[in-house]
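The structure under discussion appears below in the form of structure tokens.
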Amino acid sequence: MKHFTLSNGAEIPAVGYGSFQATDGYGKRVIKDALEVGYRYIDTATLYRNEAEIGEALAESDVKREEVFLVSKVWPSMLGRDATRKAFEDSCRNLKTDYLDMYLIHWPKEGEPDTDWVSRQAEGWKVMEELYREGRIRAIGVSNFLPHHMKPFLERIEILPMLNQLELHVGYMQEYAVRYMRELGMVIQAWSPLGRAALLGDERIGALAAKYGKSPAQILLRYLVQREVAVIPKASTPERMKQNLDIFDFELTEEEVFFLSCIPQAGWSGEHPDLM
């Protein structure tokens with residue numbers, strides 16, 4: 001369970017490093033720390049404005065580029081025949097690499113009103129398919145796509161997305177969307193897997209943490225991985241980074257998974273793909 005396999009056979013670590021705002025105040029040092037403690041999956045995006053720092057960290061690290069599964073995302077305003085390829089090349093230049101292990105459409109639309117989102121998605125995806133066939137991207141996918149975004153998208157593409165990143169955590173599991181995407185053969189990956197720390201002080205999570213000798217964050221991450229959801233938690237200190245990786249020496253019971261799956265909504269970011 002330490003890895004998940006995408007539909008094209010590529011493997012991704014079950015626990016990756018989420019870099020959103022991670023470099024703020026820390027710079028490339030935090031990425032180098034993540035690599036040093038064992039992370040081999042780094043998630044970023046054009047929007048995060050930290051690709052250059054990640055590129056510098058990778059270049060200065062003793063970890064070989066081919067050992068790191070490097071992921072970036074294209075913003076919906078950059079979808080289009082020329083714009084998507086330019087965004088991809090810009091990301092590669094900033095990251096100091098000539099290929100990406102995975103490239104995602106970051107959000108399905110720019111918000112409301114956005115009447116042209118379906119055609120722009122299709123144009124951008126066609127470029128991503130070309131880059132995939134050229135060997136410049138090892139896997140392609142989406143982020144924050146819900147079923148009503150996916151349906152018209154599927155009618156206009158040739159290669160199915162291999163992964164969908166969604167906000168998922170105890171208290172916000174989007175069960176219908178997860179089931180729908182899995183039926184299409186996608187790996188599901190959780191951003192904000194700790195729910196913005198909303199449940200870290202919850203006594204129910206604390207009781208499980210005490211039982212297993214783990215931290216509340218480790219319980220929340222283990223829950224997702226046991227449900228076959230990859231996770232990309234953010235952490236700023238090596239100690240927290242190591243803790244987030246150390247979730248494979250225990251297993252929640254089936255009853256505990258059921259219980260955590262039914263906790264009422266908590267920790268939702270308030271971000272919805274139709275309202276961004």
Side-chain angles (χ1 to χ4, degrees), residues 2-24 26-75 78 84-106 124-125 127-144 159 161-165 186-191 193 230-236 241 244-245:
K2 290 188 177 182
H3 293 81
F4 292 114
T5 304
L6 304 180
S7 59
N8 69 343
E11 284 192 340
I12 66 168
V15 182
Y17 185 76
S19 74
F20 178 57
Q21 297 182 335
T23 54
D24 295 357
Y26 297 93
K28 61 186 176 183
R29 178 69 255 173
V30 73
I31 304 300
K32 294 175 80 170
D33 286 344
L35 293 169
E36 287 173 10
V37 303
Y39 285 88
R40 293 298 178 264
Y41 183 112
I42 304 294
D43 175 86
T44 185
T46 298
L47 181 73
Y48 300 169
R49 301 185 186 279
N50 63 6
E51 289 175 325
E53 292 164 304
I54 292 173
E56 291 175 9
L58 287 166
E60 295 172 11
S61 170
D62 292 332
V63 179
K64 295 179 180 178
R65 166 66 184 93
E66 57 268 25
E67 295 177 9
V68 179
F69 201 94
L70 186 58
V71 182
S72 192
K73 302 185 269 295
V74 57
W75 192 249
M78 299 174 179
T84 300
R85 186 171 282 269
K86 180 181 184 304
F88 170 79
E89 297 294 355
D90 287 346
S91 288
C92 284
R93 183 173 61 256
N94 288 329
L95 289 163
K96 302 184 186 305
T97 183
D98 57 3
Y99 74 98
L100 291 179
D101 294 282
M102 188 156 58
Y103 201 43
L104 310 176
I105 296 178
H106 202 157
W125 190 259
V127 175
M128 291 166 66
E129 290 177 334
E130 291 171 358
L131 290 164
Y132 174 71
R133 293 186 176 108
E134 293 167 12
R136 300 288 307 284
I137 309 173
R138 292 181 59 207
I140 50 179
V142 295
S143 180
N144 300 299
I159 301 175
M162 298 157 193
L163 177 142
N164 191 358
Q165 270 187 11
M186 285 182 236
V187 167
I188 307 300
Q189 188 176 61
W191 62 264
V231 295
I232 46 172
K234 178 183 72 174
S236 300
M241 292 175 187
N244 290 344
L245 285 173

Chi angles and distances behind the side-chain contact (heavy atoms from CB on, under 4.5 Å) call for Asp24, Tyr26
CA-CA 5 Å; Asp24 295 357; Tyr26 297 93; 5.8 Å; no
If the threshold is 4.0 Å, N to carboxylate O, is there a salt bridge linking Glu60 and Lys96?
no
Taking the side chain as every heavy atom from C-beta outward, state whether Tyr17 and Ile31 have any atom pair closer than 4.5 Å.
yes
Backbone N or O of Leu163 within a donor-acceptor pair of the Gln189 side chain at under 3.5 Å?
no
Interatomic distance, CG@Asp98 vs CD@Glu89, rounded to 0.5 Å, equals 9.5 Å
Is Asp62 close to Glu36 at the side-chain level, that is, under 4.5 Å between some pair of heavy atoms?
no
Inter-residue atom distance Lys234.NZ - Thr23.OG1, 0.5 Å rounding
9.5 Å
Which heavy atom of Ser19 sits nearest a heavy atom of Asp43, and at what distance?
OG-O, 2.6 Å
Is there a donor-acceptor contact under 3.5 Å from the side chain of Asn94 to the main chain of Ala52?
no
Closest heavy-atom pair and its distance - Ser143, Asn164:
CA-OD1, 3.5 Å
Pairing donors with acceptors under 3.5 angstrom, does anything connect the side chains of Glu51 and Ser91?
yes
Under the rule for side chain to side chain donor-acceptor pair (under 3.5 Å), what residues qualify as partners of Glu66, not counting sequence neighbours?
none
Report the distance from atom OG of Ser61 to atom NZ of Lys28, rounding to the nearest 0.5 Å.
12.0 Å
Check against side-chain contact (heavy atoms from CB on, under 4.5 Å), Leu131 and Thr84:
CA-CA 10 Å; Leu131 290 164; Thr84 300; 5.6 Å; no
Between Arg136 and Tyr103, is NZ or CZ placed under 6.0 angstrom from the six-membered ring centre and within 45° of the ring axis?
no
Donor-acceptor pair between Asp90 and Thr46 side chains, under 3.5 angstrom
no
Closest heavy-atom contact between Ala45 and Ser72?
CA-OG, 3.4 Å
Worked verdict on Trp125 versus Ile140 for side-chain contact (heavy atoms from CB on, under 4.5 Å)
CA-CA 9 Å; Trp125 190 259; Ile140 50 179; 3.4 Å; yes
If I take atom NZ from residue Lys2 and atom CZ from residue Arg40, how far apart are they, to the nearest 0.5 angstrom?
13.0 Å
Heavy atoms only: give me the nearest Pro161-Gly141 pair and the separation to one decimal.
CB-CA, 4.0 Å
With side-chain contact (heavy atoms from CB on, under 4.5 Å) as the criterion, how do Leu245 and Tyr39 come out once you've worked through the C-alpha distance, each side chain's angles and the decisive distance to 0.1 Å?
CA-CA 8 Å; Leu245 285 173; Tyr39 285 88; 3.6 Å; yes
To the nearest 0.5 angstrom, please state how far the CD atom of Glu56 sits from the CG atom of Leu95.
11.0 Å
To the nearest 0.5 Å, how far apart are CE in Met102 and CE in Met162?
9.5 Å
Heavy atoms from other residues, nucleotides or ligands near CZ of Phe4 exceed 12 (cutoff 6.0 Å)
yes
Under 3.5 Å, is there a donor-acceptor pair between the side chain of Arg65 and the main chain of Val68?
yes
Mark yes when over 12 heavy atoms from residues, nucleotides or ligands other than Arg29 sit less than 6.0 Å from its CZ; otherwise mark no.
yes
So, do His106 and Tyr48 have ring centers that fall under 6.0 Å from each other?
yes
For residues 6-13, dump all side-chain donor-acceptor pairs below 3.5 Å to protein atoms at least two apart in sequence or in another chain.
residue, atom, partner, partner atom, Å
Asn8, OD1, Ala10, N, 3.1
Asn8, ND2, Tyr132, OH, 3.3
Asn8, ND2, Arg138, O, 2.9

